[in-house]
K.L.:
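Take a look at this one; I'll ask things after.
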Amino acid sequence: MSVDSTAQIHPSAVIEPGARIGAGCEIGPFCWIGAHVELAQNVVCTSHVVIRGQTKVGSDTRIFSFAVIGEIPQDLKFKGEVSQLEIGQRNTIREHVTINLGTQGGGGVTSIGDDCLLMAGCHIAHDARLGNRVIIVNSAAIAGHVVIEDDVIVGGLCGVHQFVRLGKGAIIGAVTMVTNDVIPYGLVQASRGQLDGLNLVGLKRRGVDRQDITALRAAFQMLAQGEGAFQDRAKRLGEETDSAYVQEIVDFILGDSGRSFLTPG
């Protein structure tokens with residue numbers, strides 16, 4: 001066990017031999033830190049936090065009461081193999097959040113990027129990969145093998161099907177079931193997840209140039225109403241566009257997909 005001398009450990013907390021606790025960490029009442037856990041500097045576990053498995057938590061991350069981090073996957077194929085959970089820096093993990101380890105069949109690693117907000121009661125399943133600045137709202141469930149790119153917002157009480165990809169900057173409305181890939185900057189809503197447009201509010205908030213927003217709107221119209229199959233429309237977009245934002249959509253559509261795509265109505 002390696003506990004930095006500046007770390008504050010409540011007497012009721014359990015720190016298993018082998019755990020590594022960095023400088024400035026705060027481990028509150030009744031927390032449980034497993035033997036293979038590594039906490040970087042200034043990680044705060046408020047109280048009743050459980051962190052297990054081969055789990056690394058990045059600096060300045062704050063974990064609230066009753067979160068369970070790094071438990072074994074909810075996957076009957078899991079047979080106890082060694083797998084990992086990697087959480088980046090400056091994340092906020094609210095009450096009752098659960099994040100599972102990876103599985104051998106999914107690459108062995110569940111990963112969370114930097115500056116994410118995981119709100120109360122949400123679940124991140126095995127082998128999911130979240131980028132940076134992702135927001136998962138209360139009680140949303142992210143299934144196994146899901147890929148969520150940077151700056152995505154998933155609304156409250158949503159469910160994201162296994163193997164789905166959510167492209168950069170997409171937004172998913174509350175109480176939505178997402179069963180297919182969502183293009184970058186897409187706006188999805190309705191109970192069974194319909195691609196209804198672009199996340200224009202998010203684009204404007206990030207200061208995206210008006211010319212690029214106009215190009216994205218034109219690209220969306222072409223994907224919705226152009227001739228040929230969805231991938232064929234995307235290929236034509238790639239040949240015609242000079243917008244880096246539109247090119248991100250093209251590359252996403254032409255990339256590997258395990259679930260096909262939500263397409264514009």
Side-chain angles (χ1 to χ4, degrees), residues 14 16 18-20 27 30-40 43 45-58 61-132 134-149 152 154-166 172 177-179 258-259:
V14 175
E16 293 187 358
R20 301 179 65 182
I27 311 299
F30 303 104
C31 292
W32 187 298
I33 309 299
H36 304 290
V37 172
E38 296 183 23
L39 305 183
V43 171
C45 299
T46 59
S47 72
H48 297 84
V49 172
V50 175
I51 308 180
R52 305 286 299 276
Q54 301 272 354
T55 297
K56 295 181 180 180
V57 180
T61 291
R62 187 173 179 88
I63 307 176
F64 285 77
S65 300
F66 302 103
V68 179
I69 311 300
E71 262 296 2
I72 64 172
Q74 298 178 119
D75 183 345
L76 295 176
K77 298 185 297 297
F78 182 75
K79 302 302 180 184
E81 64 267 22
V82 175
S83 58
Q84 297 177 318
L85 168 61
E86 298 177 355
I87 298 175
Q89 302 178 57
R90 300 177 302 278
N91 291 290
T92 300
I93 301 173
R94 293 304 304 254
E95 297 84 356
H96 297 278
V97 168
T98 54
I99 310 175
N100 291 166
L101 298 167
T103 65
Q104 187 174 35
V109 180
T110 304
S111 63
I112 312 291
D114 300 333
D115 302 298
C116 296
L117 170 57
L118 307 182
M119 294 190 190
C122 70
H123 173 66
I124 312 297
H126 60 88
D127 306 295
R129 290 183 285 143
L130 277 61
N132 301 320
V134 170
I135 299 175
I136 310 294
V137 183
N138 301 66
S139 301
I142 309 302
H145 313 280
V146 166
V147 176
I148 301 180
E149 296 184 352
V152 170
V154 178
L157 296 167
C158 285
V160 181
H161 195 285
Q162 61 184 351
F163 295 103
V164 159
R165 297 181 300 151
L166 305 182
I172 314 299
M177 179 64 196
V178 183
T179 57
R259 292 294 303 175

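FYI, the numbering just counts along the sequence from 1.
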K.L.:
Going by heavy atoms in the side chains, are I63 and I51 under 4.5 Å from each other?
P.N.:
yes
K.L.:
Output all residues satisfying salt bridge (charged side-chain N to carboxylate O under 4.0 Å, His left out) with D114, sequence neighbours left out; order by chain, then residue number.
P.N.:
none
K.L.:
Got a sec, which residues hit salt bridge (charged side-chain N to carboxylate O under 4.0 Å, His left out) with R90, two or more places apart in sequence or on another chain?
P.N.:
D115
K.L.:
Using the salt bridge (charged side-chain N to carboxylate O under 4.0 Å, His left out) criterion, which residues pair with E149? Sequence neighbours excluded.
P.N.:
none
K.L.:
By ring-ring contact (aromatic ring centres under 6.0 Å, His included), which residues pair with H126, not counting sequence neighbours?
P.N.:
H145
K.L.:
Who are the salt bridge (charged side-chain N to carboxylate O under 4.0 Å, His left out) partners of R52, not counting sequence neighbours?
P.N.:
E71
K.L.:
Applying side chain to side chain contact (heavy atoms under 4.5 Å, CB included), can you list everything that pairs with T46, at least two apart in sequence or on another chain?
P.N.:
V44, R62, F64, S65
K.L.:
I'd like to check the side-chain hydrogen bond (donor to acceptor under 3.5 Å, both in side chains) partners of E16; sequence neighbours left out, ordered by chain and number.
P.N.:
W32
K.L.:
For A125, what residues pass the side chain to side chain contact (heavy atoms under 4.5 Å, CB included) criterion, not counting sequence neighbours?
P.N.:
H123
K.L.:
Sorted by first residue and then second, give each salt bridge (Lys or Arg N to Asp or Glu O under 4.0 Å) pair with at least one member in residues 93-112; sequence neighbours left out.
P.N.:
none
K.L.:
Would you mind listing every salt bridge (Lys or Arg N to Asp or Glu O under 4.0 Å) that reaches into residues 117-131, with sequence neighbours excluded?
P.N.:
none
K.L.:
Kindly write out the residues that satisfy side chain to side chain contact (heavy atoms under 4.5 Å, CB included) with C158, not counting sequence neighbours, or none if the list is empty.
P.N.:
A140, V154, I172, T176
K.L.:
Not counting sequence neighbours, list each pair that qualifies as a ring-ring contact (aromatic ring centres under 6.0 Å, His included) and has a residue in residues 69-111.
P.N.:
F66-H96
